[in-house]
Amino acid sequence: MLIEDATLADGRRRDVRVSGERIDTVAAAGSLDAGADERVLGATGKRLLPGMIDTHVHFRQPGFGHKETWTTGSKSAAAGGVTTVVDQPNTNPPTVTGAAYDEKVDYAAESLVDYGINGGVTPDWNPAELFERPLFALGEVFLADSTGDMGIDGQLFAEALDRATESDTTVTVHAEDATLFNESARDRTDADAWSAYRTARAEEEAVRRACSLATDRDARIHIAHTSTPEGIDIAAEAGMTCEVTPHHLFLSRNDLDELGTHGRMNPPLRRERRRQRVYERVADGTVDMIATDHAPHTAAEKDTDIWSAPSGVPGVETVLPLLLVEAAEGRLSFGRVRDLTAATPADVFDLPDRGAVEEGNYADLVLVDPDETEQIRAGDLHTNCDWTPFEGWDAIFPEWTMLRGQMAYERASDSFGPARGENVRSLA
Ligand SMILES: NC(=O)N[C@@H](CC(=O)O)C(=O)O
Ligand SMILES: [Zn+2]
Ligand SMILES: [Zn+2]
C-alpha cells in the first residue's frame, strides 16, 4: 500500500509505503512509485498522523454491555482515529483477579482496535495472579468512589504501589480525596451541585498525597483525568505524568445549564478560569497526554436527578476530531496534537513500535483533511452511547483509520475492518 504525498504532523510532505503490518518506507513526496498491484491512497493536502493511543476508556464488558460493548466501543474508537485503547477495571466482575482479567481478554477478542487491559485494586484483589498476566498498567486505582464504588484507603494504595514497583508497573491513579468533598452542596439539586461537591481541592490534595507516597516508595504513577491546573503542576513537579480529558479541556461549569445531569462526571467540570489554565498546560507541554475516560452511560440512565445520575461521559470517537479543529484553527499545533495523543502515551507506557509515522513502526495511521469540518451529531457516532456532551461542536473526522496495515475504518463508505485487535502487551 502506498500513501502518496501526505503532510505529516510536523509539516513534511512524504510518501509512505506500508508493507504487511508495518511502515516500510517514509520518503520525500513524489519519490516512491506504486507497484503493479499496490493500492494507492492519495493524500495531497491531507495530514497523516499516528493513530491515537487512548490510555483511558471504559468499554464496560463484562457486566454492562447495555452501556457499551467491545464491538461498539472499538468501532467508535476506529471511526475517531483511535487505534489503541486501554480499558479500566471497574467492570463486573472488577478486573482484580487473574480469572477476571482472563474473562475480559475473551471479550476484548471482539475489538476492532488494539487494546491494553489494566488490573484494578480492591481489598479482594489478587496481585500475584494479576502480575502474572500481561497487564498494561495497574489502575485506575480509585482513591475515592466513582462508577463501580472501587474507592480504597491509603494503606491499600501504599501496598498497591509497592506491588506494582516490584513488578516494574506504572500505577494510574484516580486522585480525589472524599474527606475534602463539600457536604454543604448536598442540599442543592441543580447540575452544578456536583462540581460544588467534588471540590478542586479534593483533587489537588489527593494528587499531592499520591505523588508523595509514590516518590517515597520509588513508584511510578500516572494521574488520570486531571481537571485542575493545581493537580497538573503537582504531578509535573513530582516527575510523574498526567492526562487531561477532552471534557475537562473543552467544557466548564458554564456548560452545565445546558448539559444538566449529562455533565456529571468524576472529577467534575471546573470553573471556566480553571479550564483555561488547564488548556494552557495542554498547549505548553506540562500535560503529558490527552485520554478520554470514555465512560458511556445511556441517556435514560443519565436522565434523573443530579445525585442519582451515574458519573461519566463518552469521548473516544470525538477526541481527535475536536483536537484537529484546534490544530486547523491554530490554537494547538499538529505536532502537539500528535504528541498528546500518540507519541507521549507510547513513550510513557512503553509501546516502542507505535505513536510515530516512522519506518519500522506498526502502520497505525489516520488520514484527515483539515479543511473538512463538520458538526458532531450523536446519531452519527458508532458508540452504543446515544448522546454526546459535544453535540453540534465542530470536528474533523478521519477519512480513514489504519490498524497494523489494514483499514479499520473508511469514512466514505462508513465501513469497518474485521475484529483483529490484539493485546499490545502480548504482541511482539
Ligand atoms: N469518570 C467517571 O465519571 N466515570 C467513570 C469512572 C472513572 O473514571 O472514575 C466510569 O466508569 O463511569
Ligand atoms: Zn476515574
Ligand atoms: Zn475512568
Side-chain angles (χ1 to χ4, degrees), residues 54-70 73 77 85-96 104 115-122 136-152 157 171-178 181 191 194-195 197-198 202-203 206-207 210 221-228 231 235 242-249 251 256 259 261-270 289-299 301-302 304 306-316 319 383-385 387-389:
D54 184 353
T55 59
H56 193 144
V57 306
H58 298 269
F59 277 2
R60 302 299 191 203
Q61 282 179 307
F64 307 101
H66 70 283
K67 298 178 195 277
E68 192 79 284
T69 66
W70 277 87
V85 295
V86 178
D87 192 63
Q88 303 297 333
N90 56 338
T91 43
N92 187 19
T95 319
V96 297
K104 183 168 283 185
Y115 57 86
I117 293 181
N118 278 358
V121 179
T122 62
F136 184 84
L138 198 67
E140 60 179 290
V141 170
F142 293 91
L143 300 187
D145 277 345
S146 185
T147 306
D149 294 340
M150 288 172 70
I152 61 169
F157 178 51
V171 183
T172 296
V173 181
H174 178 128
E176 287 182 283
D177 179 345
F181 291 170
W194 194 251
S195 293
Y197 175 59
R198 293 181 82 119
E203 172 173 292
V207 172
I221 62 173
H222 170 75
I223 310 292
H225 44 46
T226 43
S227 62
T228 60
C242 75
E243 67 193 28
V244 163
T245 67
H247 43 279
H248 293 118
L249 183 62
L251 302 172
L256 286 170
L259 289 169
T261 57
H262 288 215
R264 174 178 147 168
M265 81 288 287
N266 302 326
L269 296 179
R270 305 299 185 190
M289 64 190 85
I290 301 289
T292 60
D293 192 13
H294 177 78
H297 301 282
T298 66
E301 290 170 325
K302 291 290 257 187
T304 175
I306 189 65
W307 299 103
S308 313
S311 298
V313 298
V316 75
V319 59
T383 165
N384 189 53
C385 194
W387 60 279
T388 164

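For ligands, and for the atoms within them, numbers begin at 1 and follow the listed sequence. Just so it is clear, the values below take in all heavy atoms, side chains as well, and ignore hydrogens, waters and symmetry mates.
A side-chain hydrogen bond (donor to acceptor under 3.5 Å, both in side chains) with Glu243 holds for exactly one of His222, His248, His225; it is His222.
Near His225, the atoms of ligand 1 lying under 4.0 angstrom from a non-hydrogen atom of the residue are 8 (O), 9 (O).
Protein heavy atom in closest approach to atom 9 (O) of ligand 1: Ser146 OG, 2.6 Å. Scanning the protein for heavy atoms near atom 8 (O) of ligand 1, the closest one is Glu140 OE2, 2.8 Å. Looking only at protein heavy atoms, the nearest one to atom 1 (N) of ligand 1 is Asp293 OD2, 2.7 Å. Ranking the protein heavy atoms by distance from atom 3 (O) of ligand 1 puts Asn266 N, 2.8 Å first.
For a threshold of 3.5 Å applied to N or O pairs, the pair formed by Gly312 and ligand 1 contains at least one separation below that value.
Around the Zn ion (ligand 2), the protein contributes the following N, O or S atoms under 2.8 Å, ordered by chain and number: Glu140 OE1, His174 ND1, His225 NE2.
Ring geometry, Trp194 versus Tyr197: the interplanar angle falls from 30° to 60°, so the pair is classed tilted.
In this structure, Leu259 and Leu269 have side chains that are in contact, with non-hydrogen atoms separated by less than 4.5 Å. Trp70 is listed as a side-chain neighbour of Val85, based on a closest heavy-atom distance under 4.5 Å. Between Glu68 and His58 the shortest side-chain heavy-atom distance does not fall below 4.5 Å. Contact of the Asp87 side chain with the Gln61 side chain is not registered, since no non-hydrogen atoms from C-beta on lie closer than 4.5 Å. Residues Pro314 and Trp387 have side chains in contact (heavy-atom distance under 4.5 Å, counting atoms from C-beta outward).
For atom 4 (N) of ligand 1, the candidate residues are Ser311, Pro267, Gly148; the nearest heavy-atom contact is made by Ser311.
Among pairs with a residue in residues 141-152, those fulfilling side chain to side chain donor-acceptor pair (under 3.5 Å) read Ser146-Asn266, at least two apart in sequence or across chains.
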